[in-house]
J.: 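Mind looking over this structure? Questions follow.
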Amino acid sequence: MDFVYAPGKNHLFIPGPVNIPEQVIRAMNRNNEDYRSPAIPALTKSLLEDIKKIFKTTTGTPFMIPTTGTGAWESTLTNTLSPGDRIISFLLGQFSNLWITQQQRLQFDVDVVESEWGQGANLDILASKIAADTEHTIKAVCIVHNETATGVTNNMAAVRRILDDNKHPALFLVDGVSSICALDFRMDEWGIDVALTGSQKALSLPTGMGIVCAGPKALEASKTAKSVRAYFRWDDYLKCYELGTFFPYTPSIQLLYGLRAALDLIFEEGLDNVIARHSRLGKATRLAVEAWGLKNCAQKEEWFSDTVTAVVVPPYIDAGEVVKSAWKRYNLSLGLGLNKVAGKVFRIGHLGHLNDLQLLGCLAGVEMVLMDLGYPVKLGSGVAAASAFLQNTIPMIPSRV
Ligand SMILES: Cc1ncc(COP(=O)(O)O)c(C=O)c1O
């Protein structure tokens with residue numbers, strides 16, 4: 001029999017689900033409650049207000065849906081679009097790929113703009129398609145802010161500029177699953193019509209809550225959109241908001257309390273500090289990769305992701321073996337390469353509830369695995385590069401200054 005037990009903590013470095021803070025685990029360790037008692041609407045109201053802060057919106061309407069990121073995608077699309085609508089969607093990795101498959105299943109006319117995996121969304125093509133579309137046949141632009149499969153971050157402000165320069169009314173629909181609450185994200189400033197995330201990513205909660213935030217133009221579109229919607233109808237939620245009951249179906253009480261605790265921690269650290277921490281962890285990881293003599297799958301600095309780094313291995317190593325061996329020998333969980341980059345990259349997730357010394361532990365583990373698999377790495381090289389940077393830039397813990 002295989003024993004799962006390994007002493008000490010598992011080093012969880014997949015790009016979601018991520019480590020959950022003890023405070024959140026404790027907040028969720030509770031019995032079920034009557035979700036129609038006065039306590040839950042009061043809690044929910046505070047959550048809906050605070051969610052807006054992490055999306056950086058004052059005009060958006062958030063929905064907390066019992067689902068995952070995939071359901072949040074579906075909620076976004078079916079509430080705003082009609083079958084046959086022409087939409088532009090960028091394909092740059094497995095998650096944008098899956099979103100496009102969903103868009104096709106929902107019978108939109110998807111104009112796919114593909115990039116080599118490791119590159120960002122091709123915004124020159126977007127600009128020419130938008131400029132050519134004087135009849136406004138394009139109803140939406142769908143984009144994954146941070147492609148988790150390749151560690152590529154796209155420039156949302158640039159997408160907005162293209163739409164504005166052409167006075168184009170297409171809806172701007174953004175997957176922020178591996179970005180919101182970790183990367184700089186500004187729903188209102190970037191004129192995003194719908195943004196979405198999932199609880200198991202930077203919010204550092206268990207999986208199970210999809211959070212969708214709809215701006216005024218998207219809510220307006222939802223009144224006339226003709227896609228079939230049943231479970232995901234926004235108007236069911238809006239009716240409950242008016243009644244002060246908030247949920248059209250049973251929410252997870254534990255996740256609501258967990259979200260309260262998670263948001264409290266984020267605000268205690270300060271959202272800007274959270275984003276700065278991710279930026280430092282991302283940079284430290286990239287310095288280690290460079291010191292190992294390996295390449296980042298993201299081909300240019302402008303696309304480097306501060307939440308996940310996909311590391312390209314030399315052709316004589318199977319990246320799947322890196323992941324397998326890390327887990328078997330070092331109790332370290334790394335992300336697999338997916339689809340087109342399977343076997344070619346492994347991924348280090350550096351998002352959510354994570355600090356500098358945890359990251360250094362992961363980097364030390366990766367070095368040992370690489371050596372195990374015959375890659376000529378100098379033990380300590382990546383750790384030295386990362387820790388030199390971290391030591392120089394680490395701020396005091398705000399609550400301990
Ligand atoms: C960018 C992105 N979008 C969507 C998803 C799908 O989310 P879920 O697996 O929660 O359905 C993921 C999952 O990792 C993701 O990384």
Side-chain angles (χ1 to χ4, degrees), residues 12-20 55 63-78 89-106 115 117-121 141-156 159 173-185 187 192 194-213 231-232 252 255 258-259 262 278 282 297-298 303-310 323 333-342 345-352:
L12 185 60
F13 281 86
I14 59 172
V18 305
N19 299 284
I20 305 174
F55 280 69
F63 304 102
M64 295 185 285
I65 308 170
T67 185
T68 68
T70 306
W73 279 342
E74 186 163 334
S75 159
T76 300
L77 298 170
T78 55
S89 208
F90 296 93
L91 171 51
L92 29 129
Q94 177 62 354
F95 294 99
S96 39
N97 185 34
L98 289 170
W99 198 15
I100 286 166
T101 302
Q102 185 185 73
Q103 290 154 9
Q104 288 164 339
R105 286 179 183 168
L106 290 167
S115 298
W117 291 26
Q119 295 191 359
V141 175
C142 299
I143 187 162
V144 174
H145 183 203
N146 186 77
E147 174 49 80
T148 322
T150 53
V152 161
T153 304
N154 291 302
N155 185 338
M156 297 297 95
V159 174
L173 310 179
V174 177
D175 170 328
V177 171
S178 57
S179 73
I180 290 172
C181 227
L183 305 183
D184 185 22
F185 193 89
M187 180 166 171
I192 293 172
V194 188
L196 64 100
T197 189
S199 51
Q200 79 276 20
K201 301 283 187 184
L203 277 164
S204 303
L205 285 162
T207 313
M209 186 190 286
I211 303 179
V212 175
C213 201
Y231 184 76
F232 289 118
S252 157
L255 268 178
L259 178 58
H278 282 86
C297 177
W303 298 317
F304 288 168
S305 165
D306 285 332
T307 55
V308 54
T309 302
V323 176
S333 298
L334 300 169
L336 282 165
L338 302 171
N339 197 330
K340 272 193 194 175
V341 290
V345 309
F346 66 90
R347 294 175 298 152
I348 301 175
H350 31 84
L351 72 162

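Count residues from 1 along the sequence. Every number for a ligand or one of its atoms is a count from 1 in the order of the listing.
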J.: Any chance you could measure Phe90, atom CZ, to Ser115, atom OG, to the nearest 0.5 Å?
T.: 8.0 Å
J.: Show the atoms of ligand 1 that are less than 4.0 angstrom away from any heavy atom in Lys201.
T.: 13 (C), 14 (O), 16 (O)
J.: Of all the non-hydrogen atoms in the protein, which one sits nearest to atom 7 (O) of ligand 1, and at what distance?
T.: Gly69 CA, 3.5 Å
J.: Where is the tightest heavy-atom contact between Arg347 and Phe95, given as atom of each residue plus distance?
T.: NH1-CE1, 4.1 Å
J.: For atom 9 (O) of ligand 1, what is the nearest protein heavy atom, given as residue, atom name and distance?
T.: Gln200 NE2, 4.1 Å
J.: At what distance is the nearest protein heavy atom to atom 6 (C) of ligand 1, and which residue and atom is it?
T.: Thr70 OG1, 3.7 Å
J.: Identify the heavy atoms of Leu203 and Cys181 that sit nearest to each other, and give their distance.
T.: CD2-SG, 4.0 Å
J.: Is there a heavy atom in Asn146 that sits closer than 4.0 Å to ligand 1?
T.: yes
J.: For atom 5 (C) of ligand 1, what's the nearest protein heavy-atom neighbour? Residue, atom name and distance, please.
T.: Phe95 CD2, 3.7 Å
J.: Please report the closest heavy-atom contact between His278 and Gly352, naming both atoms and the distance.
T.: NE2-N, 2.9 Å
J.: Go through ligand 1 atom by atom and flag the ones less than 4.0 Å from a non-hydrogen atom of Thr68.
T.: 8 (P), 10 (O), 11 (O)
J.: Check each of Ile211, Val212, Ile65 against Leu196 using the side chain to side chain contact (heavy atoms under 4.5 Å, CB included) test, and report the only one that passes.
T.: Val212
J.: Of all the atoms in ligand 1, which lie at a distance below 4.0 Å from a heavy atom belonging to Asp175?
T.: 1 (C), 2 (C), 3 (N), 4 (C)
J.: Is the ring pair Trp73/Trp99 parallel, tilted or perpendicular, if the boundaries are 30 and 60 degrees?
T.: parallel
J.: Would you mind listing which atoms of ligand 1 come within a distance below 4.0 Å of any non-hydrogen atom of Thr148?
T.: 1 (C), 2 (C), 15 (C), 16 (O)
J.: What side-chain hydrogen bond (donor to acceptor under 3.5 Å, both in side chains) pairs are there with at least one residue in residues 144-156, not counting sequence neighbours?
T.: Ser96-Glu147, His145-Ser179, Asn146-Thr153, Asn146-Ser178, Asn146-Ser305, Asn146-Thr307, Thr148-Ser178
J.: Report yes or no: does Trp73 have a heavy atom closer than 4.0 Å to ligand 1?
T.: yes
